[in-house]
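Since this is a predicted model, take the numbers as computed values, not measurements.
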Amino acid sequence: MTDTLSPETTAVYTDRRGAVHPLPDASAEAQVRADDRAHVFHSWSAQALIDPLPVAAGEGATFWDYQGNAYLDFSSQLVNLNLGHQHPDLVAAIQQQAGRLATIQPSMASDVRGELARRIAEVAPGDLDKVFFTNGGADANEYAVRMARAVTGRRKVLSMYRSYHGGTATAISLTGDPRRWANEPSDGSVAHFLGPYPYRSSFHATTEAEETERALAHLEQVITLEGATTIAAIIIETVVGTNGVLVPPAGYLQGVRALADKYGIVYIADEVMVGFGRIGEWFAVNHFGVTPDLITFAKGVNSGYAPLGGVVISDRIASHFDTVAFMGGLTYSGHPLACAPGVATFEVFERDGILERVRDLGERVVGPRLRAMAERHPSVGEVRGLGLFWAIELVRDRETREPLVPFNASGADAAPMAKVAAACKQAGLWPFIHFNRMHVAPPLVISEDDLVRGLDIIDAALDVADAEIAG
């Protein structure tokens, strides 16, 4: 149970340095709630059926509500808060940039924009040396597709059913999960295919090697049936994010690269969620030793402190536009107030060894602990992940692998997962729940003690899932 102060007491929170800070009083919370409910229109929600939590403060891996209740942020908000709440270096970078040059149009050269682009190019694989900045991940994917279509002269794009690529027109069409359904028809030049998922293999595979071979054969068949000469691009989340934290089996991404080369197709790696340290690499493709033609990014590039995304572009793609104008642009492309915390992010990563600590915590703490939970809790079918990005898949029966809740469940059907989430929140952890899974994605700066405490809370919450299947 989180600690709640009495109504007569001014709520406070204690920061990582031990300093005590007062929180706004109850009347301030009431105003926040009233304004939100009366005037804010929320995404992906039935407006009358939600009750957003008013958040008063945040620091590191923790945020506080107006009552002084503390929550470990095990979702990093939307898996974007890689360096945590209120990181002093990122805040200072924004403040300093605002005091020097708050904005400048994209057609002019900006020192902070250029430096960030250079730093990104330096950690990208192969010859991906140019960066086009966007305002977020959805438009990064939109523009990557636009580039692929312009270079190839083709229209069609292939993407996985288990995927999310954003909420804008082409991005939602690329998306495979149910959020696409209500937005159709949109971009009719998108076709979907089944990616690898060894735990629930669509290809009746019994080993990861079989899954790789059969998933690639399926993808090539889709390419053939859709018409290879009509396909501009294949877009893949390097590690599928919201739709399962699906780590590709060995050889799969290399196989995608080979198929793209064989048929003259542009390979786009969507790293909006897994880029910038989430699995312990600057870009997740670096872990798998594959070089795409385009990489899309957002979220962790500046921990979401200001809207920023982009496309990292290979020389082959970029050179097409040397003498041919690129027909695209955004007023706020590479905005200085967004790029400044991006530059600071590189400095923090390098100074504090963020990539190394993410790999260490994933291998030494999270992986072993989740595997132990899987052995102990009959509701856990599988755990999987890398770095600080994991999924716990909950089932009703380990033998049949029936999910704890149905696909795309809502209302009463989703109640078992809602109970698991409620147990986490009651104990002081804000979870990331999607369908029948709980994802583990805390800020990369989380202390080991807080990481272990959060895993303890999840361990206890899984007792609720066990009770559900026990009847």
Side-chain angles (χ1 to χ4, degrees), residues 79 82 120-128 137 140-141 144 158-160 162-165 193-199 201 203 205 207-220 233-262 265-297 299-301 311-314 349 354-356 358-363 366-367 383-391 439 441 444:
V79 195
N82 287 13
I120 291 170
E122 287 172 349
V123 300
D127 66 347
L128 281 80
N141 287 327
L158 304 185
S159 62
M160 288 182 180
R162 294 184 183 92
S163 68
Y164 180 73
H165 296 290
F193 64 95
L194 293 163
Y197 187 178
Y199 182 67
S201 176
F203 312 108
T207 66
E208 285 206 350
E210 284 183 350
E211 184 76 357
T212 293
E213 180 183 8
R214 295 174 186 183
L216 288 171
H218 162 71
L219 175 55
E220 185 163 25
I234 300 170
I235 185 169
I236 293 176
E237 292 176 275
T238 304
V239 175
V240 172
T242 303
N243 286 274
V245 188
L246 302 176
V247 180
Y252 180 75
L253 294 181
Q254 285 83 355
V256 171
R257 173 74 274 176
L259 287 174
D261 291 339
K262 179 178 179 180
I265 297 169
V266 173
Y267 169 20
I268 304 170
D270 179 342
E271 301 236 346
V272 170
M273 192 170 280
V274 295
F276 294 93
R278 178 52 56 185
I279 70 162
E281 299 284 351
W282 284 112
F283 290 109
V285 288
N286 296 341
H287 175 85
F288 297 98
V290 65
T291 301
D293 299 296
L294 300 168
I295 299 175
T296 58
F297 66 88
K299 293 184 182 285
V301 64
V311 186
V312 197
I313 311 164
S314 66
F349 269 57
I354 297 296
L355 299 180
E356 294 80 7
V358 169
R359 291 194 293 267
D360 172 61
L361 290 173
E363 294 169 4
V366 183
V383 297
R384 55 183 177 265
L386 291 168
L388 289 178
F389 198 42
W390 293 75
H439 294 184
L444 311 185

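No donor-acceptor pair closer than 3.5 Å links the side chain of S159 to the backbone N or O of I235. In this structure, N82 contributes its side chain and F276 its backbone to a donor-acceptor pair below 3.5 Å. Counting only distance, with no hydrogens or angles, the side chain of E211 and the backbone of Y197 share a donor-acceptor pair below 3.5 Å. A donor-acceptor pair under 3.5 Å is formed between the side chain of N243 and the backbone N or O of S163. With E208 contributing its side chain and P198 its backbone, the two residues share no donor-acceptor pair below 3.5 Å.
Taking both residues in full, the closest heavy atoms of V245 and G385 are given as CG1-CA, 4.1 Å, listed atom of the first, atom of the second, then distance. Residues V272 and G137 come closest through the heavy atom pair CG2-CA, 3.6 Å. The shortest heavy-atom contact between H287 and I279 is CB-CD1, 3.9 Å. Looking at every heavy atom in both residues, L216 comes nearest to G251 through CD1-O, 4.1 Å. For the residue pair N286 and W282, the shortest heavy atom distance occurs at ND2-CB, 4.3 Å. The heavy-atom pair separating A144 from T296 by the smallest distance is CB-CG2, 3.7 Å.
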When you look at M273 and Y164, which way does the side chain to side chain contact (heavy atoms under 4.5 Å, CB included) test go after all the steps? CA-CA 10 Å; M273 192 170 280; Y164 180 73; over 6 Å; no
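Among the candidates V290, I236, T291, V239, the single residue satisfying the side-chain contact (heavy atoms from CB on, under 4.5 Å) test with V285 is V290.
For CD of E210, the number of neighbouring non-hydrogen atoms (other residues, nucleotides, ligands) closer than 6.0 Å is greater than 12.
For the pair L444/R278, a side-chain contact is recorded, criterion being any heavy-atom separation below 4.5 Å from C-beta on. Looking at heavy atoms from C-beta onward, D293 lies in side-chain contact with R257 at the 4.5 angstrom threshold. In this structure, the side chains of H165 and E237 come closer than 4.5 Å at one or more pairs of heavy atoms.
Note that CZ of R214 is 14.5 Å distant from CG of L194, once rounded to the nearest 0.5 Å.
Ring-plane geometry between F193 and H218 is classed as tilted, the angle between the planes lying from 30 to 60 degrees on a 0 to 90 degree scale.
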